[in-house]
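Small disclaimer: the values here were computed from a predicted structure and weren't measured. Residues take their numbers from the sequence shown, with the count starting at 1. Atoms within each ligand, like the ligands themselves, are counted from 1 in listed order.
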Amino acid sequence: MINMSHVGLRYDGGPEVLTDISLSLKEGSFHYLMGQSGSGKTSLMRLLHIGKLPSRGDIHFFNKDVSKLSRSKRALIRQKIGVIFQDFRLIPELSVFDNIALPLRLSGESDKAIKTDVNAMAEWMGLKDHLKMKPVFLSGGQQQRAAIARAVIAKPQILLADEPTGSLDDEMGLKIMGLFEELNKKGTAIVVATHNKNLVKAFPHPLLTLKSGELIP
Ligand SMILES: Nc1ncnc2c1ncn2[C@@H]1O[C@H](COP(=O)(O)OP(=O)(O)OP(=O)(O)O)[C@@H](O)[C@H]1O
Ligand SMILES: [Mg+2]
C-alpha cells in the first residue's frame, strides 16, 4: 500500500529530521512506531498521510509515486487514510457530530446512513451526550476519542495513529486497541506511534524504531 525508498525530510531548508528511510506497509500489516521524543515519529507520520512530501527519495501509495500526482489525486488517496493526530486536530467550528461525520460526508454517504453510523460510534466511544458540543468543551480524553472516531468511521485502508491512547485511561486504551485489532483483521494497515510499552506487550506487533531520524534495524 505504501512503499518508501531512501526517503529524507527536512523542514524549510533546515537539517534532515528523517534520513534514508525505506519501508513498506502492506495490506493487513500492523506496526508500532517507537523512538524517543524528537526522533521523528510525527514527521514520519506526516509523510505517510501526505501531509508533507519527502525532500529526497520517493514514496509510492498504491503503486503511484506521490510526488508525481496532482493535488486532486493526492486528495483521493488521503481519503483512504485515517489519521489520529497527536494534537487531535478536531475542527473547532464544527460540533463533535460533524467532526466525526466528516470522512463519511467526503465519501458521499447519505444523511441517514451518516446519522446511524455516527450515533453508533459515539455510543461505543462514550460520547453520545457530547455530539452537539464544540470540541473545546470536551476533556482531553473525550477529544482524543472524537479524533479516533473520526479516523476510523469510514473504515480506512490505512490507519495512522500518533500516540492514540496518550489521554485515555488504561481501560479505554485497551478498548481502542481492540478496535484497531478488529480493523486490522479486516485488512486495514495500521501504524501506531507510542511510548507505551504496556500496549506493545498486550498487543504484540512488529516495531519500527526511529533514532535521530533513522530507522534502526
Ligand atoms: N513543523 C516543524 N518545523 C520544523 N521542525 C520540526 C517541525 N516538526 C518537527 N520538527 C523537528 O523534527 C524533529 C522530529 O520531530 P517529531 O515531532 O517528528 O518527533 P517525535 O518523535 O514525534 O517526538 P514526540 O515523541 O515528542 O512526539 C525534531 O527535531 C523537531 O524539532
Ligand atoms: Mg510526535
Side-chain angles (χ1 to χ4, degrees), residues 2-25 29-59 61 66-67 71 74-75 78 81-92 99 135 138-152 156 158-170 172-173 176-177 180 188-217:
I2 304 182
N3 262 299
M4 282 194 180
S5 171
H6 302 293
V7 163
L9 176 69
R10 53 177 92 237
Y11 292 101
D12 307 318
E16 273 197 336
V17 299
L18 292 175
T19 308
D20 207 40
I21 306 277
S22 296
L23 61 81
S24 137
L25 299 181
S29 61
F30 196 138
H31 292 91
Y32 290 107
L33 182 55
M34 316 270 302
Q36 287 181 347
S37 177
S39 61
K41 300 181 298 297
T42 298
S43 300
L44 182 56
M45 289 290 201
R46 286 189 184 120
L47 294 175
L48 291 172
H49 66 77
I50 328 183
K52 282 254 164 213
L53 291 174
S55 11
R56 68 178 168 98
D58 54 56
I59 310 182
F61 285 80
V66 70
S67 304
R71 259 168 192 271
R74 280 183 208 148
R78 255 194 234 114
I81 307 175
V83 189
I84 300 158
F85 294 96
Q86 193 167 16
D87 52 359
F88 315 146
R89 307 268 181 99
L90 295 165
I91 298 175
N99 267 283
L138 271 56
S139 74
Q142 288 164 341
Q143 291 185 36
Q144 187 153 41
R145 278 180 271 150
I148 295 168
R150 177 180 62 182
V152 301
I158 299 165
L159 177 66
L160 306 172
D162 201 347
E163 291 284 355
T165 60
S167 302
L168 305 180
D169 56 59
D170 288 351
M172 190 38 98
I176 295 298
M177 285 301 293
F180 291 176
T188 300
I190 299 187
V191 180
V192 176
T194 186
H195 292 285
N196 187 338
K197 297 215 167 77
N198 290 333
L199 276 193
V200 180
K201 231 185 248 164
F203 300 91
H205 292 290
L207 310 182
L208 296 167
T209 307
L210 280 170
K211 194 173 176 196
S212 312
E214 286 186 73
L215 276 181
I216 53 178

Worksheet item: Got an N, O or S from Gln86 under 2.8 Å of the Mg ion (ligand 2)?
Response: yes
Discussion item. Assess the residue pair Leu168 and Ile148 against the criterion (side chain to side chain contact (heavy atoms under 4.5 Å, CB included)); give the C-alpha distance rounded to whole Å, side-chain angles, the decisive distance to 0.1 Å, and a yes or no.
Written reply: CA-CA 11 Å; Leu168 305 180; Ile148 295 168; 4.1 Å; yes
Worksheet, complete the sentence: of all protein heavy atoms, closest to atom 26 (O) of ligand 1 is Ser37 OG, 2.6 Å
Fill in: For Gln86, the ligand 1 atoms whose distance to one of its heavy atoms is below 4.0 Å
27 (O)
Worksheet item: Identify the closest protein heavy atom to atom 3 (N) of ligand 1: which residue and atom is it, and at what distance?
Response: Tyr11 CG, 3.5 Å
Discussion item. Below 30° counts as parallel, above 60° as perpendicular, anything between as tilted: where do the rings of Phe30 and His205 land?
Written reply: parallel
Worksheet item: If you measure from each heavy atom of Met45 to ligand 1, is any distance below 4.0 Å?
Response: no
Discussion item. Give me the nearest non-hydrogen protein atom to atom 17 (O) of ligand 1 as residue plus atom name, then the distance to 0.1 Å.
Written reply: Thr42 CB, 3.7 Å
Worksheet item: Within less than 4.0 angstrom of ligand 1, does Gly35 place any heavy atom?
Response: no
Worksheet item: So is Gln36 close enough to ligand 1, meaning a heavy atom under 4.0 angstrom away?
Response: yes
Worksheet item: Roughly how far, to the nearest 0.5 Å, is the CE atom of Met34 from the OG1 atom of Thr194?
Response: 6.5 Å
Fill in: Thr209 (side chain) donor-acceptor with Gly35 (main chain) under 3.5 angstrom
no
Discussion item. Closer than 2.8 Å to the Mg ion (ligand 2): does that hold for any N, O or S atom in Thr42?
Written reply: yes
Worksheet item: Looking only at protein heavy atoms, which one is nearest to atom 18 (O) of ligand 1, and how far off is it?
Response: Ser43 OG, 2.6 Å
Discussion item. Does any part of the side chain of Thr165, heavy atoms only, come nearer than 4.5 Å to the side chain of Met172, both counted from C-beta?
Written reply: no
Worksheet item: Of all the atoms in ligand 1, which lie at a distance below 4.0 Å from a heavy atom belonging to Gly38?
Response: 13 (C), 14 (C), 19 (O), 20 (P), 21 (O), 23 (O), 24 (P), 26 (O), 28 (C)
Fill in: Under 4.0 Å to a heavy atom of Lys41 - the qualifying atoms of ligand 1, by number
18 (O), 19 (O), 20 (P), 21 (O), 22 (O), 23 (O), 24 (P), 25 (O)
Practice prompt. Could you tell me which atoms of ligand 1, counted from 1 in the order shown, lie closer than 4.0 angstrom to a heavy atom of His195?
Written response: 25 (O)
Practice prompt. Go through Asn196 and Met177 one step at a time and tell me if the side chain to side chain contact (heavy atoms under 4.5 Å, CB included) criterion holds.
Written response: CA-CA 12 Å; Asn196 187 338; Met177 285 301 293; over 6 Å; no
